[in-house]
Amino acid sequence: MADREDEGAAPLDEDAAWAALVAGFDAEPAPGSESVWPDAENVPKAEKPGQPGKPEKPEKAADEPPAGPPAPAARSIVVHPVIRGPRDYEVPDDDDDEHYVPPEPPPLPEADVTTKFAWIAVLGGPLLLLVFVLFQLEMTWWAILLGVGGFLGGFATLVARMRTGEDDDDLPGGGAVV
């Protein structure tokens, strides 16, 4: 049944409908002509400027019979204006003067020779063992001693040389004075 068209309806000539749309695109409606909009889409006029009006609803008499099924609407094309939403928001360009630019950080303090050798031992010991494993070389006693001993010795040296913070505790309260 869905494949059959209504017997009373004439087939729609799409080319003629498009040609009529293109021809009447810039044409203004004649004054006094009826709008082709459905009544539900008409905007009610305001009673006073700045106040929204109330749509007029025809009141039905209680003795009127209910209306039958609505008549089929004539085919028409409704063009809606472009709707803008949150995805159409554009961020205004900011000037570079308004952004915070942090100052250059001070240079790192120079490390002494002992600290440099401790870091070389901490990083170089496991790296030496990793090279032996990746190249499938035989693990000799000196490679294991250098890898494990270098890591443990360098780590112990770095921990022992850490600052305790006792030098900074000159104030008895250790904080702000009220």
>> side chain to side chain contact (heavy atoms under 4.5 Å, CB included) for Val131 and Phe135? Distances and angles first, verdict last.
In response: CA-CA 6 Å; Val131 167; Phe135 290 119; 3.6 Å; yes

Could you tabulate the donor-acceptor pairs under 3.5 Å formed by side-chain atoms of residues 109-116, not counting sequence neighbours?
| unit_1 | atom_1 | unit_2 | atom_2 | d |
| --- | --- | --- | --- | --- |
| Asp112 | OD1 | Thr115 | N | 3.4 |
| Asp112 | OD1 | Thr115 | OG1 | 2.5 |
| Asp112 | OD1 | Arg161 | NH2 | 3.2 |
| Asp112 | OD2 | Arg161 | NH2 | 2.1 |

>> Run Leu21 and Trp18 through side chain to side chain contact (heavy atoms under 4.5 Å, CB included) and show every step you take.
In response: CA-CA 5 Å; Leu21 281 174; Trp18 278 108; 4.1 Å; yes

> Going only through I, L, V, M, F, W and Y residues with side-chain contacts under 4.5 Å, is there a path from Met162 to Leu158?
Replying inline: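 As far as the 4.5 Å side-chain criterion goes, Leu158 and Met162 are not connected within one cluster.
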
> Does CZ belonging to Phe117 count more than 12 external heavy atoms closer than 6.0 Å?
Replying inline: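 Not more than 12 within 6.0 Å, no.
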
Taking distance alone, no hydrogens or angles, what donor-acceptor pairs closer than 3.5 Å link side-chain atoms of residues 121-129 to residues at least two apart or in another chain?
none

Please output the side-chain donor-acceptor pairs of residues 137-156 that fall under 3.5 Å, not counting sequence neighbours, one pair per line with the distance.
| unit_1 | atom_1 | unit_2 | atom_2 | d |
| --- | --- | --- | --- | --- |
| Thr140 | OG1 | Trp142 | NE1 | 2.8 |

